[in-house]
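I have placed the structure first, in the form of structure tokens, so that the comments after it can refer back to it.
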Number of protein chains: 4
Amino acid sequence: MQKPDAVKRERILRVAARLFAHRPYHGVTLGDVAAGARVGKGTLYVYFRSKEALFGAILDEAFVRVVDDIEASLIGASGGAWERLEIVVRGLVKFGGAYPAMFRLMRAGVDVSGPIKRRARTRLLDLVERVVGEGVRAGELREQRADLAAGCIVSCVRGAMLFGPEGLPEREIVGHVLGMLRSGVVRGSGAAPPRRKP
Amino acid sequence: MQKPDAVKRERILRVAARLFAHRPYHGVTLGDVAAGARVGKGTLYVYFRSKEALFGAILDEAFVRVVDDIEASLIGASGGAWERLEIVVRGLVKFGGAYPAMFRLMRAGVDVSGPIKRRARTRLLDLVERVVGEGVRAGELREQRADLAAGCIVSCVRGAMLFGPEGLPEREIVGHVLGMLRSGVVRGSGAAPPRRKP
Amino acid sequence: MQKPDAVKRERILRVAARLFAHRPYHGVTLGDVAAGARVGKGTLYVYFRSKEALFGAILDEAFVRVVDDIEASLIGASGGAWERLEIVVRGLVKFGGAYPAMFRLMRAGVDVSGPIKRRARTRLLDLVERVVGEGVRAGELREQRADLAAGCIVSCVRGAMLFGPEGLPEREIVGHVLGMLRSGVVRGSGAAPPRRKP
Amino acid sequence: MQKPDAVKRERILRVAARLFAHRPYHGVTLGDVAAGARVGKGTLYVYFRSKEALFGAILDEAFVRVVDDIEASLIGASGGAWERLEIVVRGLVKFGGAYPAMFRLMRAGVDVSGPIKRRARTRLLDLVERVVGEGVRAGELREQRADLAAGCIVSCVRGAMLFGPEGLPEREIVGHVLGMLRSGVVRGSGAAPPRRKP
DNA sequence: CATGAATGAGGATTCATTCAT
DNA sequence: AATGAATGAATCCTCATTCAT
């Protein structure tokens, strides 16, 4: 008797993630997934309750990875709020590069029942919000709504990677986003707007 | 007054836009659209070649509206680059508020065959890129990659509106995004970052 | 534009009834039904909400027919309770012969959600129970539980038709069941048959 | 004590019988049976060649039991034909009460390939037919077609138990069926119960 | 023997599209 | 032009059966 094969589960997950990354939810058939993972269609149901559950698992695992990765990097970092934000952005970009699926999967569609996606997305947004919030409380960042800022920051990276020119090296994306971000949120930075409402 | 045909076409578009805004492409059936617009299913094919064409038309018309609206506002504006950027952001937020469908429809998925969406999206990104670029060339904005910046800015607004807390007044969103944006991109603004830019 | 075609609906119903009569619920595929009725599979869904609804409709219509038929015969009948019972049995047998499907469909399986079948079956059982009950109240029949008797009588006819030797003429079945019903099987017990056994 | 194998086989049969009694053939999965019997799905195939074979075994064993039980009771009984019929009816009712599955399993559907069921059912019908036939030959019962009568009698009991009011005590069912059987339903017809409970 | 992971044929159902009216 | 009945391809999912362990 065989035991549930973690390797096989992983293979299914990987194949499915790649497919979902390039086609919308309903554009991916379980036949595609099964064929891609070289398993029978029925086998998918041994590891996932339904197509939706499979999709949810992909999102969940991906988000868990980003969040875990970023949090691990944060542990070793100095306490500087800006430095921590840099780590966050770098983590997001690195992840977007390694798993191009990610940011596409994050589309705001209501593809699958809300809870699944909200939960997955929330995990990441919470992390960013926390980092921003701590920076604010520490007096290093100027920002009144950490929640709004979190959405902006993640979206910003997402926008740069999805809509920016293809093939841009990650370093450049990181640099650009940080550039925009830095002088925006660091206290004491903003000069008076040049000619604001004369 | 318009010809009855145009009215019906408009009704179909409006209903379909509302539906596509709340459900993913494949979650909307032409039956839903027909019922919502109080026309027969066959009638849809009098006005649109296919479901995909209908979806494309929605995107196109919506983007045409934002772009037209923003460009109209820009015409009367003073030449200041920042002021022009303010107009752009305000236009985006106002539009996102008036047509919540919009930003959802912009999901990065490859819901429908690429060209349609790229074309539609491009129109908006081009506008923003142009405004940023002009500002840079005029020496008022600091920004090396106007294309990247355009993606960031639009995404930023989108992120704030889609993922931020619900029911936030538009003014606050505008203020927040502009706040982040201003001191970031306006020349001469950035104070020395805590430990950066030695 | 075509209107819902009553003839087509009838054809589907007839074909499906024949199939369900010879194979159990799950042994009949909608593909079979569609092919048999020479319509597309999708067409079935124009006329019936689901397979289960189709099955329910068959039962309902069949029961409506028996019950209507029997009730019509009862109207013209003299008031004699036994005569009325004869009419009932004759109606049941005639129906079983004309629609062999009927008694098979009545299998007590829980094939489809109870309500549908119970409702359909109830209509017939109620009729029989009513006739028996009236006879008892009129003092012509002896029977304490009209409800039990109704189940017995219908089952009896069913048993005779389904399990008895094939090809037996209806007249003989009617005669036999009525014989048992009227005066039982014990010799010397029965009252003189009202107008039978000359 | 039996060998462990026999115990397991018995457990499977018992569980399966209960399931088949409440759901139609295709509504019972081997997964259900395996889970209910606390064995692996593969184990079922050690004891039964297929699902159909399992179903057939249930029917066979059940029928063997009724028939054996009734025949055992008949052995000790006096030779009176009516008394023997009473024993048959009592046996049927008792069995229907103890194994509610039975009468449900006897659905006339062609659930599984005919031979299996016909064989099983035949065993019971033959017994009843034999008893009736002997009574007729002995001049105690009046009945021209013992085969038809057998179907009627078994069906009658089945109908009373399946369609009659729930929870009716067995004694009442027996009494009712015997009442109808003995002297029919027409008032004044029936002789006093021959020798009922002297 | 026992097991349960693996399989793929098969089935109900949906829906974009066509077409007769 | 307008309609909605008709269609069948396509999809998710179930489940009896097999087989490696």
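Chain A is the first sequence line, chain B the second, and so forth, proteins listed ahead of strands; every chain is numbered from 1. All values below come from the heavy atoms of this structure, side chains included, with hydrogens, waters and symmetry mates left out.
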request  = Side chain of D5(D) only, please: which of dT17(F), dA1(F), dA2(E) is the nearest?
outcome  = dA2(E)
key: Given DNA chain F, 5'-ward residue of the pair G40(B) and R49(D), judged by closest heavy atom   = G40(B)
ask   = Excluding sequence neighbours, so at least two apart, what forms side-chain contact (heavy atoms from CB on, under 4.5 Å) with K51(D)?
value = F20(D), Y25(D), L30(D)
ask   = Whole-Å distance between dA6(E) P and L44(A) CG?
value = 11 Å
ask   = Does R11(D) have any side-chain contact (heavy atoms from CB on, under 4.5 Å) partners at least two apart in sequence or in another chain, and if so, which?
value = K8(D), R14(D), R38(D), V39(D)
Set of residues satisfying salt bridge (charged side-chain N to carboxylate O under 4.0 Å, His left out) with respect to D5(C), sequence neighbours excluded = none
message = To the closest 0.5 Å, what do you measure between NZ (K41(C)) and CG (D32(C))?
response = 10.0 Å
inquiry  = Can you give me the dot-bracket string for DNA chain E, 5' to 3', counting Watson-Crick and G-U wobble pairs with both distances under 3.5 Å, using [ ] for crossing pairs and | for partners on another strand?
reply    = .||||||||||||||||||||
query = K51(B) NZ to dT18(E) P: how many Å, rounded?
reply = 15 Å
note = Applying salt bridge (charged side-chain N to carboxylate O under 4.0 Å, His left out) to D68(A) and not counting sequence neighbours gives none
Rounded distance [0.5 Å steps], CZ in R18(B) versus CD1 in I58(B) = 11.0 Å
query = So how far is it from L13(B) CG to L54(B) CG, rounded to the nearest 0.5 Å?
reply = 6.5 Å
remark   = Considering only heavy side-chain atoms of K41(A), the closest of dA2(F), dG8(E), dA6(E) is dG8(E)
task = Using atom CZ of F48(A) as one end and atom P of dC13(F) as the other, report the distance to the nearest whole Å.
result = 13 Å
query = Is there a side-chain contact between V15(A) and I12(A), using heavy atoms and a 4.5 Å cut-off?
reply = no
remark   = Separation of dT11(F) atom C1' from F55(A) atom CZ, nearest Å, is 17 Å
key: Short side-chain N/O contact from K8(C) to OP1 or OP2 of dA6(F), under 4.0 Å   = yes
key: Nucleic acid contacts - residues 28-39 of chain A versus DNA chain F, non-hydrogen atoms under 4.0 Å   = V28(A), T29(A), L30(A)
Nucleotide of dA2(F), dT3(E), dT18(F) approaching Y45(D) most closely (side-chain heavy atoms) = dT18(F)
message = Between P on dA16(E) and CG on L54(B), what's the gap in Å once rounded to a whole number?
response = 11 Å
task = Write down the distance between NE2 (H26(A)) and P (dA16(E)), rounded to a whole number of angstrom.
result = 11 Å
query = Distance from L59(C) atom CG to R123(C) atom CZ, nearest 0.5 Å?
reply = 10.0 Å
query = Can you tell me if the side-chain N/O atoms of Y47(A) get under 4.0 Å from OP1 or OP2 in dA6(E)?
reply = yes
